[in-house]
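The structure under discussion appears below in the form of structure tokens.
All ligand and atom numbering here is 1-based and tracks the order in the structure.
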Amino acid sequence: MDMSPALVPVIGLEIHVQLKTATKLFCGCSAKFGDEPNSNVCPVCLGHPGALPVLNKKAIDFAILLGIACNSTISGKSLFERKNYFYPDLPKGYQISQLEKPVCLGGYIFAGDKKIALNRIHVEEDAGKSIHLHDGTTAIDLNRSGVPLLEIVTEPVICSAAEAVEFLSSLRTIVRYLDICDGNMEEGSLRCDANVSVMPAGSGILGVKTEIKNMNSFRNTEKAINYEIERQTELILDGGKVTQETLLWDPDSGSARIMRSKEESNDYRYFPDPDLVEFSISGEWTEQLKMIMPEMPRARFDRYVKDHSLSPYDAGVITQSRELADFYEAVASITSDFKSSANWIMTDVLRLLNERKITVNQFPVPPEEIASLINMINSGEISNKIAKMVFDEIADSGEKAADLIERKNLRQISDSAGLEKMIDEVIARHPAQAEEFRAGKEKVFGFFIGQIMKESRGKANPKLVNIILSGKLGKSAVGN
Ligand code: ADP
Ligand code: ZN
Ligand code: MG
């Protein structure tokens with residue numbers, strides 16, 4: 001029997017986040033995605049000799065914001081360096097990036113309940129984009145050249161593909177809450193490179209890693225990491241050795257191919273960019289940004305569980321996006337009924353969002369209207385069933401809930417005198433059933449409830465009907 005310990009995976013991620021600044025990192029060109037190719041370019045981002053870069057302060061703001069959200073240390077002094085390499089989509093022959101003094105050091109992000117330690121968050125410019133055409137030629141779009149990116153580098157502490165995806169998902173939620181990146185992996189505004197190695201369980205020495213690139217979705221990231229863990233495990237069990245290299249994931253074949261053997265950072269001949277001096281990040285600058293920080297998803301989650309008594313599941317779903325959480329809070333702040341407000345978000349709001357494939361910002365029913373429905377249910381003015389019906393109708397028409405209820409006369413009948421009269425009539429009309437009930441056939445109670453609801457066209461207050469009917473038939477009230 002083989003007694004050697006099992007091999008366990010170790011993963012570290014390098015994630016590029018494209019910042020939602022209006023302009024590029026070192027010039028005034030628009031950073032917008034999807035414009036006519038090569039329309040947002042100038043001498044700076046085309047790499048013309050002698051053109052001088054001017055730093056976009058907004059990009060540093062965004063880096064600091066993310067650093068605060070991740071409990072990173074914000075560097076007092078930061079610096080841009082040139083990372084030299086040749087590639088057709090890199091007109092300058094170097095990328096302006098950060099090596100020695102990134103804006104943020106350390107910190108962590110939760111993947112589920114596990115803190116994943118960060119090594120750094122640095123700022124750099126994006127390269128252009130090569131577009132491979134059908135006729136075999138390649139065109140270059142330099143609109144993306146110089147667009148600001150944050151690179152988030154984790155320590156090698158992630159233990160599975162699933163955990164890596166949980167991390168990515170938390171990071172995406174955070175950058176969306178901060179409104180610094182749209183988090184769209186398909187469009188490339190969130191890009192993940194995964195470093196993967198395997199080592200004997202319990203060993204403190206990391207194995208040789210490979211880096212996989214080009215996963216454009218959470219699903220592909222998970223698949224690619226699992227593919228690479230399996231490949232390395234089999235290789236080692238067969239007596240082979242992993243070689244350090246960069247692999248390109250091919251989503252169509254579900255496999256990876258070698259892109260290049262791994263370069264060392266000294267291959268890039270990093271050196272400080274002489275056109276960009278070292279800059280200071282004062283405590284005051286960081287403090288000012290702290291003041292405009294929105295509440296982060298994790299803090300909201302804790303608050304909803306602790307102060308609103310929501311279940312962790314509900315709190316998790318509601319805090320998935322800032323817009324949804326804001327919507328929930330707008331409803332809850334009016335109703336003060338956290339549970340019902342959460343239920344409406346979890347069922348009716350999410351259902352409609354899915355059905356119509358719209359975002360929270362496009363939601364047709366304002367939170368005030370949902371709050372008004374909840375309040376009317378709680379005060380006994382309308383039944384739950386009527387409320388759901390009204391919701392569906394105003395989602396189409398845009399009418400106000402109260403107006404529709406007034407117009408269609410949907411208010412619950414809660415005046416006991418009126419109900420009593422109606423109930424007397426119903427009992428009088430069905431003497432045989434009343435007799436049966438009094439003889440002990442309890443089931444007939446439901447028959448009477450049905451008749452009364454029908455008579456009232458669904459508007460009789462069910463609690464009151466229950467109490468009055470019980471009294472009339474000589475029975476202790478059922479349920480509540
Ligand atoms: P390199 O010098 O090759 O760029 P770094 O030390 O800068 O390597 O780390 C790059 C990324 O690779 C980080 O996310 C880090 O966590 C991860 N990493 C480093 N060593 C390993 C390893 N042995 N296995 C898995 N991931 C690793
Ligand atoms: Zn430009
Ligand atoms: Mg490195």
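- Using modelled atom types and a 3.5 Å distance limit, the side chains of Glu166 and Ser169 yield no donor-acceptor pair.
- Backbone and side-chain nitrogen or oxygen atoms of Val196 are examined, and none is located within less than 3.5 angstrom of a nitrogen or oxygen of ligand 1.
- Residues Gln232 and Ser197 bring no donor and acceptor atom of their side chains to less than 3.5 Å of each other.
- The residue Glu211 has no part lying near ligand 1, judged by heavy-atom distances below 4.0 Å.
- Under a cutoff of 6.0 Å and an axis angle of 45°, Arg82 and Tyr94 form a cation-pi pair.
- Counting the atoms of ligand 1 from 1 in the order shown, those under 4.0 Å from a heavy atom of Leu13 are 14 (O).
- Residue contact check: Glu155 has heavy atoms under 4.0 Å from atoms 16 (O) of ligand 1.
- Under the 6.0 Å distance and 45° angle rule, Lys388 counts as a cation-pi partner of Trp344.
- Centred on the Zn ion (ligand 2), the angle running from Cys45 (SG) to Cys27 (SG) is recorded as 110°, rounding to 10°.
- Below 3.5 Å of separation, one finds no N or O of Glu14 facing any N or O of ligand 1.
- When each of Lys83, Lys92, Arg144, Gln95 is paired with Glu125, the side chain to side chain donor-acceptor pair (under 3.5 Å) condition holds for Lys92 and for no other.
- For ligand 1, the atoms lying closer than 4.0 Å to a non-hydrogen atom of Val153 are 13 (C), 14 (O).
- Close approach of ligand 1 to Gly207 (heavy-atom distance below 4.0 Å) involves ligand atoms 23 (N).
- Thr319 places none of its side-chain heavy atoms less than 4.5 Å from the side chain of Met296.
- Remark: among candidates Thr154, Ile152, Ile15, Ile205, the nearest residue to atom 14 (O) of ligand 1 is Thr154, based on non-hydrogen atoms.
- Annotation: side chain of Ser75 is not in contact with side chain of Val103 (no heavy-atom distance under 4.5 Å).
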